[in-house]
Amino acid sequence: MSATGNHLRRKSTSLTRGLIVATTSGAALVLPLVGAGFASAAPAQSVTAEKAAASTVAADKEKTAQEAAPTIYSVIAGDTLSKIARGHSLSGGWQKLYEDNREIVGDNPAEIRAGMKLTIGAQAESKTSATATATAAPAATYTNDLDGWIKESLAVMAKHSIPGSYDGIHRNVLRESSGNPLAINNWDSNAVKGTPSKGLLQIIDPTFRAYHVPGTSMDSYDPVANITAACNYAADKYGSIDNVFGAY
């Protein structure tokens, strides 16, 4: 005879009850999620790493932008393109420097003059952007008279950083030639030497050639070429055509 009440069913602990779930085939044991409380640590580390990476990228972009910025260099006596390129550790050497400044230097890279403003480290994308802008903008038109000649000369001078104002040029033109682009002085000391003063600002041929500005005519009687070369000369000798109030 069995002992009634001696075989009591053992109670499952709370842990065991929490780990047993019903399945279609019976009970299944689910393992506890040990270490679940540490799951939030990984995202924190990931965010920190992402911030560090972003800071590095931003710093690299800023450094690249600083290195890409071009420098304007003023030529001094004794300079050569090669010397300037070496002094600035320019990639591409003097050839790159000449290519970037050919409009200012002219056709002969060996002939650079004190006072020229050279761009060092000009970026291709900047040139492309400038070219696109220039292409999009309508070409300026100038009247074929003293007013138009002075305005066109000022536009060329601005490209080459040559100082001077409309009033300064106009005042000197009226004194030197009365506005006649074909004026020539055949009686002064220069004429005696075989180099008479010519054009609107009465410049002699040797000076015209020495201070000729690329992009203008090689004819010293050409109004725009004459004004621009004379202003370039005046800038070198007097700081600006605006500072000239008599024979120069």
Side-chain angles (χ1 to χ4, degrees), residues 72 74-77 79 81 98 101-119 134 137-248:
I72 303 301
S74 182
V75 176
I76 61 176
D79 272 343
L81 293 181
Y98 177 53
N101 296 276
R102 184 159 189 159
E103 288 188 2
I104 297 174
V105 175
D107 294 333
N108 188 349
E111 293 184 358
I112 61 172
R113 298 186 302 275
M116 282 183 171
K117 308 295 184 184
L118 304 183
T119 301
T141 57
Y142 303 97
T143 55
N144 189 29
D145 55 18
L146 181 56
D147 178 71
W149 300 330
I150 293 176
K151 289 178 179 177
E152 186 173 353
S153 295
L154 286 169
V156 176
M157 290 162 60
K159 292 180 181 179
H160 295 273
S161 301
I162 300 172
S165 69
Y166 183 99
D167 290 341
I169 295 172
H170 189 271
R171 167 170 48 80
N172 281 284
V173 165
L174 292 184
R175 186 192 67 253
E176 292 292 328
S177 66
S178 299
N180 177 11
L182 299 180
I184 182 170
N185 184 325
N186 286 314
W187 57 85
D188 67 3
S189 59
N190 287 320
V192 172
K193 296 176 182 177
T195 55
S197 302
K198 300 176 179 179
L200 290 173
L201 283 173
Q202 292 292 281
I203 187 171
I204 62 176
D205 283 341
T207 302
F208 175 81
R209 288 192 295 269
Y211 288 90
H212 172 261
V213 177
T216 63
S217 172
M218 286 301 298
D219 180 4
S220 61
Y221 282 112
D222 179 86
V224 173
N226 187 282
I227 292 174
T228 311
C231 287
N232 194 24
Y233 165 77
D236 187 32
K237 298 299 181 181
Y238 307 100
S240 170
I241 190 69
D242 294 344
N243 298 329
V244 177
F245 293 91
Y248 66 113

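Values below: all heavy atoms of this structure, side chains included; hydrogens, waters and symmetry mates excluded.
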Residue pair [X] / [Y], side-chain heavy-atom distance below 4.5 Å:
X	Y	answer
Ile204	Ser197	yes
Lys237	Thr207	no
Leu201	Asn172	yes

Could you check whether any side-chain N or O of [X] sits under 3.5 Å from a backbone N or O of [Y], counting only pairs where one atom can act as donor and the other as acceptor?
X	Y	result
Tyr98	Val105	no
Asn226	Lys198	yes
Gln202	Ala183	yes
Arg171	Val244	yes
Asn243	Tyr238	yes
Ser177	Leu200	yes
Asp222	Asp219	no

Original post:
Within a radius of less than 6.0 Å around CG of Asp107, do more than 12 heavy atoms belonging to other residues, nucleotides or ligands occur?
Top reply: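 Not buried by this count: 12 neighbours or fewer within 6.0 Å.
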Hey, what do you get for [atom1] ([X]) to [atom2] ([Y]), rounding to the nearest 0.5 Å?
X	Y	atom1	atom2	value
Ser153	Ile241	OG	CD1	11.0 Å
Leu154	Thr228	CG	OG1	8.5 Å
Ile227	Lys151	CD1	NZ	12.5 Å
Thr143	Glu152	OG1	CD	9.5 Å
Asn101	Met116	CG	CE	9.5 Å
Ile203	Phe208	CD1	CZ	7.0 Å

Original post:
Asn180 and Ser178: side-chain donor and acceptor closer than 3.5 Å?
Top reply: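 No donor-acceptor contact under 3.5 Å links the two side chains.
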Subject >> Pair Asn185-Asn190, side chain to side chain contact (heavy atoms under 4.5 Å, CB included): steps then yes or no >> reply: CA-CA 8 Å; Asn185 184 325; Asn190 287 320; over 6 Å; no
Which heavy atom of [X] sits nearest to which heavy atom of [Y], and what is that distance?
X	Y	result
Trp149	Pro181	CH2-CG, 3.8 Å
Asp242	Gly168	OD1-CA, 3.2 Å
Pro163	Gly239	CG-O, 3.2 Å
Met157	Cys231	CE-CB, 3.7 Å
His212	Ser217	NE2-O, 3.1 Å

Subject >> Partner of Arg113 by side chain to side chain contact (heavy atoms under 4.5 Å, CB included), out of Asp236, Val75, Asn232, Ile104 >> reply: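 With Arg113 as partner, Asp236, Val75, Asn232, Ile104 yield a single side chain to side chain contact (heavy atoms under 4.5 Å, CB included), made by Asn232.
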